[in-house]
Amino acid sequence: MKHIHFLTSFKKVASFFSALAALVYLVGCGEHGHDHSPDHGHSQGNDHGHAHDDHGAAISITQYTDKSELFMEHEPLVEDVSTELIIHLTRTSDFTPITRGSLEVRVISASGQTYSIIDDAPARDGIFLPVVSVPFTDTARMELRLKSSQLEDVQILENVEVHAPGYHPPHEEEEAEDPNAISFLKEQQWKIEYALEQVQSRLVYQAVLATGTLSLPASGEAVLPSPASGLVRFANGSQLETGIEVSQGEILFVIDPDASWQAGLAKLSEDYQLAKAELDRVNALQEQNAVSKRRIQEAEIRLQTLTTALRQMGGEAALDGSANLQARAKTPLDGLISEIYVKPGQRVEAGQALALVINSDSLILDAQTVPSRLEKLGPITDATFRPSGSSRVFSVSEMGGHVVSNTPLAVSGSNLASVRFHFDNPDRQFIAGTRVSVQLLGGEASSDGVAIPVAAIQEEEGIPIVYVQTEGETVEKRYPKLGANDGSYTQALSGIEAGERVVTKGATFIRLSTLSTSEMGHGHAH
């Protein structure tokens with residue numbers, strides 16, 4: 001038992017130093033951030049663009065459009081008093097900072113007065129620091145108009161208060177610190193792979209866990225046979241290699257055939273040339289109405305039959321009247337050369353396999369699970385899968401796929417049942433043979449309520465946790481009660497509300513940042 005205790009302790013120490021290394025990186029990300037001292041006040045997330053004074057303290061706003069996230073801090077606006085706006089702008093497509101372009105700040109009073117300034121470029125990546133001096137007192141609308149090669153967008157804030165000269169914000173009592181609130185600066189978010197997703201109500205279907213493998217459909221692979229016996233070589237002196245892309249009908253191999261094959265092809269070629277001449281002759285006679293339509297049809301059929309026979313033998317050269325009769329092996333489909341079974345100069349027999357060509361534009365998902373689980377699921381309509389080592393979940397139906405058969409198949413040599421799906425594989429992003437974890441989905445939804453993406457769910461000592469970004473630079477650790485899971489989304493029975501934004505990428509760094517014994521990101525003045 002002492003040895004076990006020592007090993008456990010050693011693992012904890014190793015884990016601590018690993019976390020410490022990541023934490024040092026995170027602290028480095030925050031060294032150049034802005035000052036988050038108490039004078040900056042308490043942020044409030046805001047999807048609708050309503051600025052607020054937060055009882056007279058400094059103002060902090062977080063809001064989103066389809067294109068960008070705004071996080072802005074500033075002191076209360078006072079007529080004719082210069083005030084710096086600390087504006088962070090992030091692209092919501094990839095959660096990276098705006099690094100170039102201009103930003104116009106336009107303030108419009110309720111009576112129609114307009115004040116405008118333009119900041120020509122960010123003070124540094126993601127941050128604009130315009131100084132405004134509004135020449136009126138009113139409740140106004142503020143428009144932040146970004147023009148950048150990265151994107152163009154407008155953030156609109158309603159009910160912006162511009163106070164009268166001499167305004168002094170009232171004293172604000174310090175709020176108790178939320179133990180689940182974590183400071184995570186924009187400069188830290190921008191340096192890692194970070195992403196948010198807004199929580200919505202959605203259907204979560206009944207699901208059964210399964211293991212699966214991706215494979216090629218029967219139509220996705222073809223053996224290229226030799227059309228004749230003889231000596232094989234690569235077409236046009238090319239250097240064929242496995243992995244090379246080929247197109248349907250492309251000649252890959254040429255066979256210098258045996259004498260018997262050449263004699264047979266020569267006779268076939270002669271018959272073809274005679275049939276072609278005969279068709280030309282009867283067509284000429286038809287112009288003089290000297291031949292029946294049936295005679296023309298017979299000539300056309302004979303020529304087509306001989307053409308097909310020549311192509312099947314790989315003797316297309318004979319169609320052009322070439323005297324150099326060779327057998328040509330062409331690929332029957334677009335795809336990749338997966339295997340090459342012969343070498344140049346090798347003797348082959350007619351029908352011998354020369355190469356294997358595969359096309360993975362579509363794939364088969366073979367999902368296997370215990371039959372008793374399927375009995376509770378009912379008819380299977382869809383599936384989601386996650387490749388090994390990946391955090392991303394894919395849906396068969398969203399990839400143009402469908403279940404091959406609603407009746408599970410018995411897996412030979414085991415007590416498992418197999419369900420197969422066929423789906424499109426755009427850009428051939430998946431490789432046949434890949435192992436995946438699968439969720440088989442039934443026909444009826446188990447709920448229609450708040451659901452969070454599976455990618456947002458982490459574990460802490462076996463307890464599921466989710467990080468919710470409540471403000472631009474604050475995330476909150478939540479302990480949701482979870483329900484049904486369809487592989488992509490999980491019911492949140494409590495702890496998360498619709499409209500909130502959960503962290504789907506970057507949660508590991510947030511967790512490591514909480515290991516620090518001191519507050520991060522201070523001294524980051526603009």
Side-chain angles (χ1 to χ4, degrees), residues 34 36 38-90 92 98 102-119 127-147 152-175 178 181 186 196 198-199 468-474 476 497-501 526:
H34 42 278
H36 282 262
D39 290 342
H40 280 281
H42 182 69
S43 302
Q44 290 287 337
N46 186 356
D47 276 27
H48 305 288
H50 297 285
H52 52 278
D53 280 7
D54 205 7
H55 306 294
I59 298 166
S60 180
I61 301 142
T62 302
Q63 69 176 37
Y64 304 82
T65 68
D66 292 339
K67 298 179 179 179
S68 68
E69 176 198 69
L70 166 69
F71 174 57
M72 180 171 72
E73 299 172 301
H74 62 86
E75 297 298 323
L77 300 180
V78 179
E79 181 180 345
D80 291 327
V81 174
S82 296
T83 305
E84 182 183 63
L85 307 181
I86 304 172
I87 299 173
H88 308 70
L89 287 172
T90 304
T92 52
I98 299 300
S102 64
L103 181 70
E104 179 187 3
V105 180
R106 186 181 299 177
V107 184
I108 306 168
S109 71
S111 61
Q113 290 178 275
T114 299
Y115 167 82
S116 175
I117 65 165
I118 295 178
D119 202 353
I127 301 175
F128 289 85
L129 300 175
V131 177
V132 299
S133 180
V134 184
F136 53 76
T137 299
D138 206 342
T139 299
R141 182 174 79 251
M142 180 181 290
E143 299 176 358
L144 305 178
R145 297 180 171 272
L146 173 67
K147 290 186 177 181
E152 294 191 7
D153 198 17
V154 180
Q155 292 274 359
I156 299 177
L157 292 78
E158 303 288 355
N159 302 324
V160 175
E161 292 294 334
V162 182
H163 300 280
Y167 171 79
H168 294 287
H171 175 72
E172 180 189 46
E173 291 188 9
E174 191 172 332
E175 295 184 8
D178 184 350
K186 284 298 171 193
L196 302 172
Q198 188 174 26
V199 174
V468 179
Q469 182 168 299
T470 55
E471 304 159 11
E473 295 187 329
T474 303
E476 186 176 294
E497 296 182 3
E500 293 187 305
R501 283 176 162 79
H526 292 286

Quick one: do I59 and E161 satisfy side chain to side chain contact (heavy atoms under 4.5 Å, CB included)? Show the steps, please. CA-CA 11 Å; I59 298 166; E161 292 294 334; over 6 Å; no

Check: [Y] and [X] side chains under 4.5 Å, non-hydrogen atoms:
X	Y	answer
H74	I87	no
L103	L89	yes
V105	F128	no
V154	L144	no

Partners meeting side-chain contact (heavy atoms from CB on, under 4.5 Å) with V199 (sequence neighbours left out): V450, I452, I496, V502

Considering all heavy atoms of both residues, which atom of [X] and which atom of [Y] are nearest to each other, and what is their separation?
X	Y	result
P165	E79	CD-OE1, 3.7 Å
S133	Y115	N-OH, 3.0 Å
S102	I118	CB-CG2, 4.2 Å
F71	S60	CE1-OG, 3.3 Å
V78	A164	CG1-O, 3.5 Å
I117	P130	CD1-CB, 3.8 Å

Distance-only, no hydrogens or angles: does the [X] side chain make a donor-acceptor pair with backbone N or O of [Y] under 3.5 Å?
X	Y	result
T92	D66	yes
Q198	G499	yes
K186	E473	no

Working to the nearest 0.5 Å, report the span between [atom1] of [X] and [atom2] of [Y].
X	Y	atom1	atom2	result
E158	I108	CD	CD1	9.0 Å
E471	E476	CD	CD	9.0 Å
T90	Y64	OG1	OH	9.0 Å
M72	L85	CE	CG	5.5 Å
L77	Y167	CG	OH	10.5 Å
H88	E69	NE2	CD	10.0 Å

Pairs involving residues 129-145, ordered by first then second residue, that meet salt bridge (Lys or Arg N to Asp or Glu O under 4.0 Å) (sequence neighbours left out): R106-E143, R141-E143, E143-R145

For L70 and T62, run side chain to side chain contact (heavy atoms under 4.5 Å, CB included): C-alpha distance rounded to whole Å, both residues' side-chain angles, the deciding distance at 0.1 Å, then the answer. CA-CA 6 Å; L70 166 69; T62 302; over 6 Å; no

What I want to check is whether the side chains of T83 and E75 have a donor and an acceptor closer together than 3.5 Å. no

